[in-house]
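Residue numbers begin at 1 in each chain, while the letters A, B, ... track the order of the sequences. Computed from a prediction, not measured in an experiment: that's the story for all the values here.
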2 protein chains.
Amino acid sequence: MRMSELLKRSGMPLATVKYYLREGLLAPGEKVGATMADYGEEHVRRLALIRALTEVVGLPIAGVRTIVGLIDEPEADRFSTLGRAIEVLPPAVEADPDGDYPRARAALEEIGQLYDPGYAAVAQLERGLAAAESVGLPMGRERLHGYARHIMAIAEIDLAQLPGADTPRAVEYSVLGTAVYEPILAAMRRLAHQDLASRMLGGVAADRDR
Amino acid sequence: MRMSELLKRSGMPLATVKYYLREGLLAPGEKVGATMADYGEEHVRRLALIRALTEVVGLPIAGVRTIVGLIDEPEADRFSTLGRAIEVLPPAVEADPDGDYPRARAALEEIGQLYDPGYAAVAQLERGLAAAESVGLPMGRERLHGYARHIMAIAEIDLAQLPGADTPRAVEYSVLGTAVYEPILAAMRRLAHQDLASRMLGGVAADRDR
DNA sequence: CCCGATTGGATAGCTGTACTATCCAAGGTA
DNA sequence: TACCTTGGATAGTACAGCTATCCAATCGGG
């Protein structure tokens, strides 16, 4: 298809698509003549991916470039591909292999989980725990163990749905799956809070049956 | 304390603190003379809260203003206070009470959860589900039920830790608790993925045999 | 084969956010 | 008295993420 149709399919303005092309988020179409290029379904899908990552996951353009780069050309193994993807997910914190992450270390040891200080997620956990502490809501043992058990169960669900190993699709799944289900899980927790609050405290939905 | 000490305690530059004062995120100090004001511990805590919300939760300044406004002057009941707070949490989506949220409705009915279409979190869930679908990772029944069970358990942990009802502290807890534990849960899930991936696929923390 | 429309490519401009810097005058301080 | 701090106001900066315009080379319907 040509540019005009790609615009119609994606619903995006020309200037924006050109911007994504310039930024290397979208591969150029196959050139067919000096002033015309051909685009395919993969371009439509890529534009949907860009929109999902920017608008829903909240990724800046540079982060989107990293993610789509990893999908197109993964690292040697899926483990480090996933690691590099996680580094750019908000709230982005650069991991320092020699860094000290006292809260994260204590928490992960407490729940007996394997970790490497080079994981970006360790730095992210440290920041989150420090932030909770700084606003007067430090994470207690009870909450930590409860969270850990249920989060591990959720992660197992995620892994169980992973498509057949060693396909390029599996890389895409593990990278995108971590990112795109996060806002869904956040929304579900917010709804669960409101559900529980309305039952406990009385509210709009409390008069419904269950 | 005076401005200079507040700056030392918070580690922020003068211009930034003045900016937060202008934007109404930080209450002015008690005036003690025409060119001098007195600040207290609550100002130090408030600055820590602002930094946590902007840097870790990722809230824009306008959202921080809403949250601190709700903590200082909550709505009539905690249920609607929490609802208003959730509206500004990223990814912010304005709820339309007459809107149609087909994916969210189907999902919530499937798991038998109470909801009101006016909840911002319903719109947020809809967007998340639509985004997952648009990148080729639609949420299946199995995953939905699994997520729902464990998310509900996590929400129950949150509610169980709620301080004595009807204290101003309880409002602060429910508003901040929803927001500040979100990045922690996200980081824990990312770590759980890496933990499971390293065991299954071989990686830094495990042997490479499979 | 002609002429208006489309395209790719380049460059410049715009909008919003979150600060950051400067200036000033009043007032405190040594 | 001379200097420093403070509060208050205003202007400027840096960056992200688009958005708009221009141009020349086609393309393609009549």
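Atom CG in Leu21(B) sits about 14 Å away from atom C1' in dC19(C), given to the nearest Å. In this structure, the CG atom of Leu59(A) is 14 Å from the P atom of dA16(D), given to the nearest Å. dG7(D) atom P lies 10 Å from atom CG of Asp38(B), rounded to whole Å. Between the CD atom of Glu30(B) and the P atom of dG7(D) there is a distance of 13 Å, rounded to whole Å. As a whole-Å value, the separation of Ile50(A) CD1 from dA16(D) C1' is 16 Å. Distance, Tyr39(A) OH to dT6(C) P: 15 Å, rounded to whole Å. Across the protein-nucleic acid pair, Ile61(B) atom CD1 and dT20(C) atom C1' stand 14 Å apart, rounded to whole Å. We find that CZ of Arg51(B) is positioned 16 Å from P of dA18(C), with the value rounded to whole Å.
Heavy-atom contacts from other residues, nucleotides or ligands closer than 6.0 Å to CD of Glu42(A) number more than 12. By the neighbour-count criterion of 12 heavy atoms within 6.0 Å, atom CD of Glu142(A) is sparsely surrounded, having that number or fewer from other residues, nucleotides or ligands.
Between Tyr20(A) and dC18(D) there is a side-chain polar atom (N or O) within less than 4.0 angstrom of OP1 or OP2.
Under the 30°/60° scheme for interplanar angles, the aromatic rings of Tyr147(B) and Tyr181(A) are found to stand perpendicular.
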Exercise for the section: Go along nucleotides 19-30 of chain D 5' to 3' and tag each nucleotide: B for a protein heavy atom under 4.0 Å from its base, S when only backbone or sugar atoms are that close, - otherwise. Expected result: BB----BSSS--

Check: residues 14-38 of chain B side-chain donor-acceptor pairs under 3.5 Å, at least two apart:
unit_1, atom_1, unit_2, atom_2, d
Glu23(B), OE1, Arg65(B), NH1, 3.1
Asp38(B), OD1, Met1(B), N, 3.3

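Nucleic acid contact class of Ser4(B) (heavy atoms, under 4.0 Å, all strands): sugar-phosphate only. Within the nucleic acid shown, Pro28(B) has no heavy atom closer than 4.0 Å to any nucleic acid atom.
For the 3.5 Å distance criterion, the side chains of Asp158(B) and Tyr173(B) fail to qualify, holding no donor opposite an acceptor.
In this structure, Glu126(B) contributes its side chain and Arg103(B) its backbone to a donor-acceptor pair below 3.5 Å.
Separation of the Tyr119(B) and Tyr101(B) ring centroids does not fall under the 6.0 Å cut-off.
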